[in-house]
Protein chains: 2
Amino acid sequence: MAILVVGSVALDTITTARGTCPNQLGGSATFFSLAARRWTDVRIVAAVGRDFPTRLLTILRHPRVDLSGLAVLPGTTFRWEGRYSEDFSSRQTTGLSLGVFAAFKPTIPRVLRRSSSVFLANIDPHLQDLVLSQVAQPRLIAVDTIDHWIRHEREALIRLLRKSDLVFLNEEEARLLTQHRSHRAMGAWLRALGPSIVIIKQGWYGAVGWIGRAMVWVPAYPVDETRDPTGAGDSFAGGVLGVLDAARRINEHVLRQAMLYGSVIGSFCVEGIGVSALARLTHPRFQTRLKNLKRISGIRLR
Amino acid sequence: MAILVVGSVALDTITTARGTCPNQLGGSATFFSLAARRWTDVRIVAAVGRDFPTRLLTILRHPRVDLSGLAVLPGTTFRWEGRYSEDFSSRQTTGLSLGVFAAFKPTIPRVLRRSSSVFLANIDPHLQDLVLSQVAQPRLIAVDTIDHWIRHEREALIRLLRKSDLVFLNEEEARLLTQHRSHRAMGAWLRALGPSIVIIKQGWYGAVGWIGRAMVWVPAYPVDETRDPTGAGDSFAGGVLGVLDAARRINEHVLRQAMLYGSVIGSFCVEGIGVSALARLTHPRFQTRLKNLKRISGIRLR
């Protein structure tokens with residue numbers, strides 16, 4: 001089993017109340033793969049520029065991660081600069097340089113076209129669709145997006161969602177897309193569109209999901225201190241899809257397990273700047289936190 | 001076992017996007033008793049004016065509710081007028097008439113002074129303290145408050161909390177009182193103050209609690225449509241304390257059950273204007289929703 005992830009590998013400059021950390025390894029495909037590789041094989045399709053530091057590549061290298069689809073193109077790497085408010089409740093993009101990403105037209109290497117799962121990270125829905133047209137019947141097609149595409153490429157996004165099995169949205173995005181307010185109504189609207197699995201992320205509260213008519217709720221792991229929320233959504237998605245991809249059957253109980261694991265992995269992500277905490281996460285530390293979260297939530301996994 | 005609740009019985013005029021409902025039965029002691037009476041005996045100490053409609057008293061009357069401490073005084077009943085924003089994310093007090101509540105100095109009838117639990121609903125912390133000075137060693141002293149008292153009577157409130165066993169706060173109030181941002185830090189600060197049980201309410205996300213060092217998280221029941229959130233916090237508190245008061249021992253598992261039951265009862269509260277949905281709630285409907293919430297959350301109660 002293996003997940004094909006198409007998204008960004010980027011250089012982030014992150015400003016929080018504590019200061020600015022320039023040129024951190026970032027990007028949706030990065031955070032996703034660092035999480036998902038704990039449970040399954042991951043194949044990254046993305047592009048960086050010739051300026052991409054080799055030392056950062058070593059963070060991505062892993063026995064379970066196939067980097068053959070990571071193109072190094074003439075030009076500069078996608079760079080994002082963001083500033084978080086003191087309590088991390090909001091963020092502002094203070095700089096953006098698309099670099100090689102501006103002309104990024106994902107071409108899936110032939111050998112990667114048969115993957116059991118596909119994760120279409122947040123990029124233009126037309127490009128997400130272009131990826132889908134190149135892959136051979138994956139078991140699970142998962143889509144992430146942001147408010148920008150909901151506002152400006154609504155129709156293309158909806159066409160894409162009709163073909164997908166799982167969609168990740170945060171509450172604001174779900175409200176914007178569905179025009180509903182209650183979780184139930186949002187979930188029903190999205191499932192009626194196509195995806196049989198819908199996951200709405202609620203930040204530090206947790207996440208609510210549906211598989212068919214069954215609803216699944218999991219809490220976020222209560223971290224002591226958030227240092228940088230960048231990548232929390234992508235690492236949560238990596239945990240969820242990693243578990244789902246590795247599972248023989250996907251049902252309500254497996255979805256709960258997947259979301260709980262995603263919640264734990266997302267909690268490590270926000271505790272470090274960039275990928276730092278995720279990259280150095282050990283199995284025992286993951287297990288301890290998982291056990292704690294199960295105790296806090298009273299959740300028994302089957 | 002019985003809970004003594006000291007709070008308000010009021011007439012509320014509630015405005016939502018759907019219109020205005022005048023003179024609804026309201027008040028913290030009202031919502032609390034309608035919830036808690038499902039599990040234990042409740043004794044209300046409050047005051048209304050001579051204008052209080054007799055037909056509303058019938059809603060409060062119940063085999064498990066002792067109204068002997070509900071004084072009918074010369075003057076008018078406490079009236080509150082509030083307007084909710086369209087999505088219920090905020091509310092504004094548009095009118096307030098204290099009436100007999102202005103001079104309310106709770107005197108606990110001798111026969112009610114020995115109660116196993118005491119719920120000090122949101123009133124001036126000095127009055128909450130006055131109640132405490134009249135009761136004989138309850139097993140559980142629970143305190144609710146609002147931002148107004150945190151801002152203006154901080155010292156009196158903190159003195160009161162030192163003597164209490166359980167405090168209910170919403171997230172905003174907890175942040176204001178503790179000056180902390182993470183759930184863990186808020187909980188630790190509050191427990192260090194005195195209460196061995198701390199519950200922080202998170203609106204439509206759920207609630208997080210601690211008993212000693214053990215943390216307990218429960219989701220809110222996902223309602224299809226909120227019609228009026230007035231009283232949601234007090235009915236949640238009524239569910240929680242009702243279960244705790246009826247329990248032989250209070251531990252982490254009982255607290256989880258209590259918060260889960262409180263969550264379910266709060267979900268009925270918000271579905272009707274004023275007390276309407278709570279007052280007509282049947283046992284089978286409660287049980288069905290409890291079963292659903294356990295399934296959604298994966299929580300197994302011991």
Side-chain angles (χ1 to χ4, degrees), chain A residues 17 85-89 171-172 175 179-188 200-211 213-227 252-260 263 267 270-271 292-302, chain B residues 17 85-89 171-172 175 179-188 200-211 213-227 252-260 263 267 270-271 292-302:
Chain A
S85 64
E86 208 191 334
D87 64 355
F88 296 104
S89 64
E171 282 193 302
E172 207 184 312
R175 208 168 289 136
Q179 303 285 314
H180 283 292
R181 278 187 201 126
S182 82
H183 290 137
R184 262 189 210 284
M186 290 175 188
I200 299 178
K201 297 171 287 178
Q202 308 170 323
W204 82 335
Y205 297 104
V208 56
W210 291 262
I211 176 163
R213 294 171 63 93
M215 189 171 177
V216 170
W217 176 90
V218 303
Y221 186 88
V223 296
D224 285 322
E225 195 191 348
T226 295
R227 284 195 189 78
E252 177 184 352
H253 309 296
V254 174
L255 181 63
R256 173 170 293 115
Q257 184 193 357
M259 288 168 63
L260 205 65
S263 206
S267 77
V270 304
E271 285 183 329
N292 281 344
L293 189 56
K294 282 158 87 172
R295 180 164 175 187
I296 290 167
S297 61
I299 293 177
R300 303 260 186 97
L301 298 176
R302 293 203 188 174
Chain B
S85 64
E86 209 192 333
D87 64 354
F88 296 104
S89 65
E171 282 192 303
E172 206 182 314
R175 208 168 288 136
Q179 304 284 312
H180 283 292
R181 277 187 200 125
S182 82
H183 290 135
R184 264 190 209 281
M186 291 175 187
I200 299 177
K201 299 171 285 179
Q202 308 170 322
W204 82 335
Y205 297 104
V208 56
W210 291 262
I211 176 162
R213 294 173 63 94
M215 189 172 181
V216 171
W217 204 320
V218 303
Y221 186 87
V223 297
D224 286 322
E225 194 190 346
T226 296
R227 283 194 190 79
E252 177 184 352
H253 308 296
V254 174
L255 181 62
R256 173 170 293 117
Q257 183 193 357
M259 288 169 64
L260 206 65
S263 207
S267 76
V270 303
E271 285 183 328
N292 281 345
L293 188 56
K294 281 157 88 172
R295 180 163 175 189
I296 290 167
S297 62
I299 293 177
R300 304 261 186 98
L301 298 175
R302 293 202 190 176

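In what follows, chains carry the letters A, B, and so on, assigned in the order in which the sequence lines appear, proteins first and then strands, with residues in each chain numbered from 1.
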Out of A:E225, A:R184, A:Q202, return the one with the most heavy atom pairs under 4.5 angstrom to chain B.
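It is A:R184.
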Determine the interplanar angle of the A:H183 and B:Y205 rings, folded into 0 to 90°, and report it as parallel if under 30°, tilted if 30 to 60°, perpendicular if over 60°.
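A:H183 and B:Y205: tilted rings.
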Identify the heavy atoms of A:A214 and B:R295 that sit nearest to each other, and give their distance.
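Answer, listing the atom of A:A214 first, then B:R295: CB-NH2, 4.1 Å.
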For B:V223, is it the side chain, the backbone, both or neither that has a heavy atom under 4.5 Å from a heavy atom of chain A?
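Backbone of B:V223 only, per the 4.5 Å heavy-atom cut-off to chain A.
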Considering only heavy atoms, which portion of B:E252 lies under 4.5 Å from any heavy atom of chain A: side chain, backbone, both, or neither?
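It is the side chain, since no backbone atom gets that close.
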Heavy-atom distances under 4.5 Å only: say whether A:W204 touches chain B with side chain, backbone, both or neither.
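Contact with chain B is through both the backbone and side chain of A:W204.
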Which atoms of A:R300 are under 4.5 Å from chain B, going by heavy atoms: the side chain, the backbone, both sets, or neither?
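Both parts, backbone and side chain.
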Could you list the residues that satisfy side-chain contact (heavy atoms from CB on, under 4.5 Å) with A:E86, not counting sequence neighbours?
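A:E86 satisfies side-chain contact (heavy atoms from CB on, under 4.5 Å) with A:A17, B:R181 only.
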Under the side-chain contact (heavy atoms from CB on, under 4.5 Å) test, which residues partner B:N292, sequence neighbours left out?
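Expected list: B:Y221, B:T288.
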Among A:I296, A:I299, A:V218, which one satisfies side-chain contact (heavy atoms from CB on, under 4.5 Å) with B:W217?
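Only match with B:W217 under side-chain contact (heavy atoms from CB on, under 4.5 Å): A:I296.
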Sort out for me which of B:G206, B:S182, B:P219 touches chain A most, counting heavy-atom pairs under 4.5 Å.
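Counting heavy-atom pairs under 4.5 Å, the top option is B:P219.
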